[in-house]
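Below: the structure, in structure tokens.
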Amino acid sequence: MAVLPIVEVPDPRLKLISTPVEGVDDDTRALIADMFDTMYDANGIGLAAIQIGVPKRVLVMDLQEEEDEEGKPIRAPRVFINPEILDPADERSLYNEGCLSVPDQYAEVERPKRCRVKWLDEDGKAHEEAFEGLLAVCIQHEMDHLNGIVFLDHLSRLKRQMIMKKLDKQRRAAA
């Protein structure tokens, strides 16, 4: 298990379409462990394998929506291997999204309000479930990564350019 560097825009790897996982094995589970370590270290709630440079159809999420009696988030890790959206709702909703590959930048993105998803877990067991709210937003956002799409691609050209300028300025200031 390791914390790995996160691939950031405009790295061309983020435009790759990830390949399906042929079989869930120890290598897949090691990748998942590294993904969780990396996501938690970066204070994220979702991460696709391509964001650590691995073009496989694997994503991890942990919305950490509940807290313990001390006010600390309770971890609720979820793994999605070869996920597919089956029937996105016609009804849409806006959510202010951010991304570990676009650090400290946020924008409103419109997506289907609900979706049904099927996937395999880390044991290779098949699942199918309907998602809504933040879970629906997050699964769609992370699945976009598997298809070479970052949330900036959902924005107008002007908004995308403004965010990229802010990101460049932020990087120069940090250097």
Side-chain angles (χ1 to χ4, degrees), residues 1-64 75-89 95 97-107 109-112 114-132 134-155 160 163-164 167:
M1 297 191 294
V3 173
L4 301 171
I6 295 174
V7 176
E8 295 182 3
V9 296
D11 193 304
R13 290 176 288 179
L14 291 171
K15 295 298 182 186
L16 295 175
I17 296 176
S18 296
T19 59
V21 172
E22 297 300 323
V24 181
D25 56 18
D26 288 341
D27 288 341
T28 305
R29 285 185 277 280
L31 169 65
I32 290 165
D34 289 345
M35 290 173 67
F36 274 119
D37 286 348
T38 302
M39 181 187 77
Y40 288 133
D41 184 70
N43 296 315
I45 61 171
L47 188 74
I50 193 60
Q51 290 179 276
I52 57 168
V54 180
K56 294 284 184 186
R57 297 188 79 77
V58 178
L59 58 92
V60 298
M61 294 181 353
D62 187 345
L63 304 184
Q64 301 180 50
R75 288 191 173 169
R78 297 188 71 156
V79 174
F80 300 85
I81 300 169
N82 298 334
E84 296 176 51
I85 293 179
L86 302 177
D87 56 350
Y95 193 84
E97 294 187 22
C99 181
L100 296 175
S101 291
V102 189
D104 303 318
Q105 303 300 316
Y106 302 88
V109 176
E110 184 178 313
R111 297 187 183 274
R114 291 174 301 285
C115 60
R116 178 167 287 287
V117 179
K118 76 174 189 177
W119 73 95
L120 300 176
D121 65 19
E122 63 272 18
D123 296 318
K125 183 179 174 192
H127 297 268
E128 186 175 315
E129 188 178 337
F131 296 140
E132 61 182 312
L134 181 57
L135 192 54
V137 170
C138 193
I139 191 82
Q140 291 175 81
H141 174 110
E142 297 307 330
M143 286 181 66
D144 272 356
H145 281 297
L146 303 181
N147 295 315
I149 299 167
V150 294
F151 84 95
L152 300 177
D153 296 327
H154 291 283
L155 306 177
R160 192 169 42 249
I163 288 175
M164 289 306 293
L167 195 54

Within residues 16-32 or reaching into it, pairs that qualify as salt bridge (Lys or Arg N to Asp or Glu O under 4.0 Å) - sequence neighbours excluded: D26-R29

Closest non-hydrogen atom pair between [X] and [Y], with its separation:
X	Y	value
M39	G46	SD-N, 3.3 Å
C138	M61	SG-SD, 3.5 Å
P112	A89	CB-O, 3.4 Å
D62	P77	OD2-N, 3.5 Å
A48	H145	CB-CB, 3.5 Å
C115	I139	SG-CG2, 3.9 Å

Side-chain ([X]) to main-chain ([Y]) donor-acceptor, under 3.5 angstrom:
X	Y	result
R57	S18	yes
N82	V21	yes
N147	I149	no
D37	V3	no

Non-hydrogen side-chain atoms of L146 and P83 separated by less than 4.5 Å: yes

Any side-chain heavy-atom pair of D144 and V150 under 4.5 Å: no

side-chain contact (heavy atoms from CB on, under 4.5 Å) between M164 and L152, worked out: CA-CA 9 Å; M164 289 306 293; L152 300 177; 3.8 Å; yes

Give, for atom [atom1] of [X] and atom [atom2] of [Y], the distance between the pair rounded to the nearest 0.5 Å.
X	Y	atom1	atom2	answer
R160	D153	CZ	CG	6.0 Å
L47	S101	CG	OG	7.5 Å
L59	M143	CG	CE	7.5 Å
I17	I50	CD1	CD1	11.0 Å
I6	L14	CD1	CG	10.5 Å
L134	L63	CG	CG	4.5 Å

Identified side-chain hydrogen bond (donor to acceptor under 3.5 Å, both in side chains) partner of E97 from the options R111, H154, Q140: R111

Parallel, tilted or perpendicular: ring planes of W119 versus F80, cut at 30 and 60 degrees: tilted

Greater than 12 external heavy atoms within 6.0 Å of K15's NZ: yes

Full working for side-chain contact (heavy atoms from CB on, under 4.5 Å) between R75 and Y40: CA-CA 10 Å; R75 288 191 173 169; Y40 288 133; 3.5 Å; yes

Salt-bridge contact R78-E129 (side-chain N to carboxylate O under 4.0 Å): yes

Pairing of R13 and D11 as salt bridge, 4.0 angstrom limit: yes

Check against side-chain contact (heavy atoms from CB on, under 4.5 Å), V24 and D123: CA-CA 7 Å; V24 181; D123 296 318; over 6 Å; no

Candidates V79, I81, L120 - the one meeting side chain to side chain contact (heavy atoms under 4.5 Å, CB included) with T28: I81

